[in-house]
Number of protein chains: 2
Amino acid sequence: MSTKPDSEADALSTRAAKAAERRTAIIEAALDEFTARGFAATRIDDIAKRAGVAKGTIYLHFTDKEAMFQELVRTALVPKLQSLTAEPAPGTSVRQMLEVFADTFLRDVAQTRRGDIVRLVMAEGTRFPSLAEFHYRNVVEPGIAGIGRILEIGVARGEISVAALARFPQLAIAPVLLSVIWQGLFGRFAPLDVQAMLRTHLDLIFGERTES
Amino acid sequence: MSTKPDSEADALSTRAAKAAERRTAIIEAALDEFTARGFAATRIDDIAKRAGVAKGTIYLHFTDKEAMFQELVRTALVPKLQSLTAEPAPGTSVRQMLEVFADTFLRDVAQTRRGDIVRLVMAEGTRFPSLAEFHYRNVVEPGIAGIGRILEIGVARGEISVAALARFPQLAIAPVLLSVIWQGLFGRFAPLDVQAMLRTHLDLIFGERTES
DNA sequence: GTATTATGACTGACTGGTCAGTCATCGTCA
DNA sequence: TGACGATGACTGACCAGTCAGTCATAATAC
C-alpha cells in the first residue's frame, strides 16, 4: 500500500497530506460543534468556519450532515474501548482490576471530550436508532462482557460474595455512567467527588465494612 | 372561588373550561413531540396539529418555543417527586424503604412517559443550563437528600455496613438511572430485567451473600 | 324571552430569516 | 497545461412567530 506507485500514494507528500489534515480538522471541529449543540442545532457553516475550510469542502468528505454525524460519533469511541477491555496482568486481584478500569475510564473518558460523546450518544440515540444499536454492539456489549468476565472471576475466587452481580455487570458500570452525566449536567454548580464515590462503590461490591 | 359571582368564574362552564382543555391538549402534544424529537427538531406546526389546534393558539398560551419547552419539562416531574420522597411508615426496615422506592420509581417513572422526560432533561440539559439547574434544585437534590436520609438510618441501625455509602446516595440511584437510559436506548433489542437487577443491587448494599 | 352588540379566543396565510446542499469558477500542484 | 481540490455565492425548502380577520359566546338592551 505504501510502495505501490499509485497516484494516491505518490501524492502523499503534499496533496494527500493536506487532504488528510483537512479531514482531521473537519472531524475535530464537527465533534466540538455536535457535542456542544447536538445534531439538529449544529450548523455546517460553523463546522466549516471552525475547521478553517469552506462549506463545500465538507461535502467532498461526507455525503451529508447525517452521514457525517453518524460516522464521527461511531468512530470516536470504538478505538479507545480496547484500552479499557485489555486483559489485566495475571496475579492481580479483582478489586485491582476494577480499580484500573475505573481510573482508566476517569482519565480517558470522563475528563476528556469522549465524555461529551457518551452524552451525545445518550442524547441523540433515540433519534438515530442505528447509532444506538451500533454503540450497543461495539461499545456497550463488549464493555459489559469484559466487566462480566472480571466479576465472574471475583465470584469464583470468593472475592465477591453477591454471586448474582456477575449476571448484571451493569451494576458495576452504573456509577461510572452517572458520573459522566452528573459532571455534564450539574458539575458546574454541584461538583461530585467521583474518585471517592467509585472507591465507595468498590467497597460495596467487595463487601468491605467501613466506618465513616 | 366557585360561588363568587365573578365574570371569570361564571364562565367556567364553557369558555374557561374549553380553554383549559386546549391548554392540556397542547401540553400533552408538546411533551410527545419534544420527547420524540428533542427541542431543536420539534416543529410548532406538528404540536399544533397533534393538539388539534391552530398554530396561533399555542402562542396564546406560551410566549415562544423555548419558554414552552422549559415550562413543560420543568413542571412535568416535580409533582411526582413527592410520592417518591414520602416518609415511609416507621417500623419498616431500611431495605424495605429502598424496595418501595425502587418499585415506585419503576412503576411511575421508568415505565411511563416520565422516563422519556428524564431522558429529555439529560439530552437537552447541556443546552439549557437553567433547565439543568432547575432540575438539580427541584428533583435531584431533594431526591438525593431523601435517599441520603434513608441510608443514614441504615448505617445507624447497622443494616448497612459500608458507612461511606451515606455520603454518596448517588450510588444507590445510579442503577435506577442506568435503567431509564438503557430501556430508552437499547431496550428494543437488548431488554434488561430491571427488577432483578435492582434486587441484586440491594443485596450489594445490604451485604447479603447470595449463591448464583 | 329575544334581539343586538361587544368580547376575545381562535385561525391560518404570510413574513423574514435561517440553513443544508449545489455548482460555476478559481487556484494549485504534478 | 490539464486535472482536480477548494471555494463561497446561490437556491430552495423549511419554520418560528405575527396579525388581520372570523365566529362562538357573553353581556346588555328591550
Side-chain angles (χ1 to χ4, degrees), chain A residues 4-30 32-34 36-72 124 127-128, chain B residues 4-30 32-34 36-72 124 127-128:
Chain A
K4 200 170 30 143
D6 195 354
S7 61
E8 284 170 19
D10 285 357
L12 247 180
S13 46
T14 49
R15 225 151 151 135
K18 280 218 166 162
E21 255 174 52
R22 287 232 144 101
R23 191 167 216 280
T24 315
I26 292 171
I27 290 175
E28 287 289 306
D32 283 348
E33 294 288 329
F34 279 134
R37 299 191 216 298
F39 175 77
T42 291
R43 288 177 294 265
I44 298 284
D45 282 302
D46 288 353
I47 296 176
K49 196 171 293 173
R50 184 185 281 254
V53 144
K55 179 153 63 154
T57 307
I58 288 178
Y59 288 91
L60 299 174
H61 293 271
F62 302 93
T63 59
D64 63 7
K65 191 185 176 188
E66 194 170 319
M68 173 166 58
F69 176 72
Q70 298 221 29
E71 185 178 335
L72 295 186
E124 307 284 356
R127 265 147 265 147
F128 294 95
Chain B
K4 194 163 44 134
D6 193 355
S7 63
E8 282 172 20
D10 284 359
L12 245 182
S13 46
T14 52
R15 220 149 153 140
K18 281 219 166 161
E21 253 174 52
R22 286 238 144 97
R23 192 168 215 279
T24 314
I26 292 171
I27 289 175
E28 287 289 306
D32 283 348
E33 294 288 329
F34 279 133
R37 296 190 218 298
F39 175 77
T42 291
R43 288 176 294 265
I44 298 285
D45 282 300
D46 287 352
I47 296 176
K49 196 171 294 173
R50 184 185 280 254
V53 143
K55 179 151 66 153
T57 307
I58 289 177
Y59 288 91
L60 299 174
H61 292 271
F62 303 93
T63 59
D64 63 7
K65 191 185 175 187
E66 193 170 320
M68 173 166 60
F69 175 72
Q70 298 223 28
E71 186 179 334
L72 295 187
E124 306 284 355
R127 266 147 263 148
F128 295 93

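Letters go in sequence order (proteins before strands), and every chain restarts at 1.
- When heavy atoms are screened at a 4.0 angstrom cut-off, B/Thr63 is found touching no nucleic acid atom at all.
- Distances shown here put a side-chain N or O of A/Arg22 below 4.0 Å from the OP1 or OP2 atom of D/dA6.
- Set against C/dA20, D/dG17, D/dA6, the side chain of B/Asp64 has D/dG17 as its closest nucleotide.
- B/Lys49 has its NZ atom 14 Å from the P atom of C/dT11, to the nearest Å.
- With C/dA20, C/dT11, D/dT7 as the choices, the nucleotide that has an atom nearest any side-chain atom of B/Val53 turns out to be C/dT11.
- Residue B/Tyr59 has its side chain nearest to D/dG17 when only C/dA20, C/dT11, D/dG17 are considered.
- For A/Lys55 against C/dG21, a side-chain N or O and a base N or O form a donor-acceptor pair under 3.5 Å.
- The distance from atom CD1 of B/Ile26 to atom C1' of C/dT11 is 13 Å, rounded to the nearest whole Å.
- The nearest pair of heavy atoms linking B/Ala54 to B/Ala48 is C-CB, 4.0 Å.
- Of the listed nucleotides (D/dG8, C/dT11, D/dA6), D/dA6 has the atom at the smallest distance from the side chain of A/His61.
- Within the 4.0 angstrom heavy-atom criterion, only backbone atoms of the sugar-phosphate kind lie near A/Ile44; the bases stay farther away.
- Counting to the nearest Å, the P atom of D/dA9 and the CG atom of A/Asp45 are 11 Å from each other.
- In this structure, A/Phe69 places its CZ atom 19 Å from C1' of C/dG21, rounding to the nearest Å.
- Computed from coordinates, the A/Leu60 CG to C/dT22 P distance equals 11 Å when rounded to whole Å.
- Nearest heavy atom pair, residue B/Leu72 against residue B/Ala30, reads CD1-CB, 3.1 Å.
- As rounded to whole Å, 12 Å separates atom C1' of C/dA20 from atom CZ of A/Arg43.
- For the pair B/Ile58 CD1 and D/dA16 C1', the interatomic distance rounds to 11 Å; values are reported in whole Å.
- A search for salt bridge (Lys or Arg N to Asp or Glu O under 4.0 Å) contacts involving B/Arg43 returns B/Asp46, not counting sequence neighbours.
- Of all heavy-atom pairs spanning A/Arg37 and B/Arg127, the tightest one is O-CD, 3.0 Å.
- For B/Lys65, whose side chain is taken as the heavy atoms from C-beta onward, the closest listed nucleotide among D/dG17, C/dA20, C/dT11 is D/dG17.
- The interatomic distance linking B/Ile47 (CD1) with D/dG17 (C1') rounds to 13 Å, in whole Å.
- Between B/Phe128 and B/Phe69, the ring-plane angle classifies as tilted under the 30° and 60° cut-offs.
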